[in-house]
Amino acid sequence: MERCIIASSSTINPLRFYRKSTSIPAFELPRFSFSRSLSANSQTPKYEICRTSTSAFSRRRGMSTKAVLSDQKQYFKVGAESTGSIPSDQLLDVIETAAKTGAQVIMDAVNKPRNITYKGLTDLVTDTDKMSEAAILDVVKKNFQDHLILGEEGGLIGNSSSDYLWCIDPLDGTTNFAHCYPSFAVSIGVLYKGKPAAAAVVEFVGGPKCWNTRTFTAAAGKGAFCNGEKIHASKTDKVERSLLVTGFGYEHDDPWATNMELFKEFTDVSRGVRRLGAAAVDMCHVALGIVEAYWEYRLKPWDMAAGVLIVEEAGGTVSCMDGGKFSVFDRSVLVSNGVIHSKLLESIGPATENLKSKGIDFSLWYKPENYHTEL
């Protein structure tokens, strides 16, 4: 049976996406009206989380069927066991169409003046963020009306009893976009019962006068791809031969200060630490094998849901920054090529434990209250 993905009923000038230096056939996209406002959910319930120490992981080495071998230690997989009742190729088709639809909105705006407003002193948002999210929502709702959606700009909407949760960042790296700095993306991850099942990230590369895109995709158990070509994390086994990436939030608090010290420490012992400013892009670069690791405190589900699956499906490893089991509702993430993961945790782990000893909250956040998970 031939599948039909609903994206539009009218057309706009197509955005070119590239595969192996040749263009993918253009797809038709709609002109959208964005007059309606999106509902927001500002209430974030508190949840308790139980962490397992690194030594406990070692004692359980022969017991878990969900663990993966990495640097002679085991870390739990983050991806879903399956995509549920929806075939993985169907889910991937819709998520990739949705991501490219949002990317078209951004490409149309990338060379135009920005209308910028602020969520905080330096945390900004543009009209393009909101328009991209609305365009993405249109695709998702037309194909999966009963799914739950968590968008960075629109908040929580949809059916809270659904097993599927779409985590949407319509423009990851908004500050870079506002400055025409080439490190931003559309990021969409779909959770099945709380675990990443499918992902798509459309990264903007190049810069003014030469903007282009590349598309990363992954589905649970199916591998990771860039422009349709399978990718794999690097095999570098020494920190001193690694290129690393991190990120910093807008609040200059204890986690920010701790990560600044980690930044300094790893700058001294590696080939360098970069700070690009778009979490989804950073994780895709780990999956692509051009950097060895990325870590950051206090990211949101829409920042991580796509990237962590793409890294894991590319052969990498994902954990919290204390080395514990990761979920997209956690407040820290460390992704790596897998080979150097434990070596990084020798510094990152104790630094994170020190923050916890100070009372810094690392419980789950932004988890929808009635959303069923198997975490």
Side-chain angles (χ1 to χ4, degrees), residues 1-6 60 63-70 74-99 136 139-150 158-168 187-201 215-226 228 230-233 280 283-284 287 301-302 304-320 324-330 333 335 338 364 366-368 370-375:
M1 181 182 295
E2 188 176 10
R3 293 189 180 89
C4 177
I5 299 174
I6 304 172
R60 292 183 178 181
M63 300 172 60
S64 173
T65 60
K66 294 184 178 181
V68 292
L69 188 64
S70 170
Q74 290 179 332
Y75 301 92
F76 286 88
K77 290 183 64 177
V78 302
E81 294 297 323
S82 73
T83 56
S85 60
I86 304 173
S88 60
D89 58 347
Q90 180 185 357
L91 193 58
L92 269 177
D93 283 346
V94 177
I95 196 172
E96 186 172 353
T97 299
I136 292 166
V139 175
V140 177
K141 289 177 180 179
K142 285 179 179 177
N143 287 278
F144 301 116
Q145 296 180 4
D146 59 341
H147 286 191
L148 187 61
I149 301 169
L150 178 62
N159 182 7
S160 62
S161 65
S162 175
D163 287 332
Y164 295 92
L165 174 63
W166 290 67
C167 299
I168 298 171
S187 176
I188 307 175
V190 181
L191 310 186
Y192 176 66
K193 295 183 178 180
K195 297 181 178 180
V201 174
T215 302
F216 296 85
T217 56
K222 302 296 184 180
F225 299 82
C226 179
K230 196 163 188 177
I231 57 176
H232 200 283
M283 287 187 264
C284 286
W302 51 79
M304 302 184 288
V308 294
L309 182 63
I310 292 169
V311 169
E312 186 168 270
E313 289 297 322
T317 296
V318 183
S319 75
C320 290
K325 185 178 180 180
F326 173 85
S327 87
V328 299
F329 306 109
D330 272 300
V333 66
V335 303
L364 301 184
Y366 289 91
K367 180 180 177 296
N370 296 318
Y371 175 59
H372 173 68
T373 70
E374 294 181 348
L375 300 177

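We find the OG-NE2 distance between S162 and H372 to be 11.0 Å, quoted to the nearest 0.5 Å. Note: W166 CH2 to L150 CG = 13.5 Å, rounded to the nearest 0.5 Å. The CD atom of E96 lies 5.5 Å from the OG1 atom of T217; values are rounded to the nearest 0.5 Å. Summarising the geometry, atom CG belonging to N159 is positioned 11.5 Å from atom OH belonging to Y371; distances are rounded to the nearest 0.5 Å. Going from atom CG of L191 over to atom CZ of F329 covers 5.5 Å, rounded to the nearest 0.5 Å. Here the SG atom belonging to C226 is positioned 4.0 Å from the CZ atom belonging to F216, to the nearest 0.5 angstrom.
L148 has its side chain within reach of P368: a pair of non-hydrogen atoms, C-beta onward, lies under 4.5 Å apart. Looking only at side-chain heavy atoms (C-beta outward), V328 and P196 come within less than 4.5 Å of each other. With contacts defined as side-chain heavy-atom distances shorter than 4.5 Å, the pair Y192/I86 does not qualify. The shortest side-chain heavy-atom distance between T317 and V335 does not fall under the 4.5 Å cut-off. The closest side-chain heavy-atom distance from C167 to P301 is below 4.5 Å. In this structure, Y75 and F326 have side chains that are not in contact, with every pair of non-hydrogen atoms separated by 4.5 Å or more.
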Q. Is there a side chain to side chain contact (heavy atoms under 4.5 Å, CB included) between M304 and V333 once you walk through the steps?
A. CA-CA 8 Å; M304 302 184 288; V333 66; 3.8 Å; yes
Q: Step by step, work out the side chain to side chain contact (heavy atoms under 4.5 Å, CB included) result for F144 and V94.
A: CA-CA 9 Å; F144 301 116; V94 177; 3.7 Å; yes
Q: Mind running side chain to side chain contact (heavy atoms under 4.5 Å, CB included) on I149 and I168 for me, showing each step along the way?
A: CA-CA 8 Å; I149 301 169; I168 298 171; 3.7 Å; yes
Q.
Apply side chain to side chain contact (heavy atoms under 4.5 Å, CB included) to residues K367 and T373 and explain how you reach the verdict.
A. CA-CA 10 Å; K367 180 180 177 296; T373 70; 3.6 Å; yes
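For L92 against A218, the heavy-atom pair with the smallest separation is CD2-O, 3.4 Å. The minimum heavy-atom distance linking C320 with K325 is given by the pair SG-O, 3.5 Å. Among all heavy-atom pairs drawn from A200 and A99, the shortest one is CB-CB, 4.0 Å. Smallest separation of non-hydrogen atoms from S187 and V201: OG-CG2, 3.9 Å. Heavy atoms only, all atoms of each residue included: A224 and A314 are closest at CB-N, 3.8 Å.
Of the residues listed (V318, I310, V308), the one engaging M283 in a side chain to side chain contact (heavy atoms under 4.5 Å, CB included) is V308, and it is the only one.
In this structure, E374 contributes its side chain and G194 its backbone to no donor-acceptor pair below 3.5 Å. Side chain of E313 to backbone of G223: a donor-acceptor contact under 3.5 angstrom is found.
Shown here are the side chain to side chain contact (heavy atoms under 4.5 Å, CB included) partners of A98, two or more places apart in sequence or in another chain: I136, V139, V140, I188.
The aromatic rings of Y164 and H147 lie parallel to each other, with less than 30° between the two planes, well short of the 60° mark.
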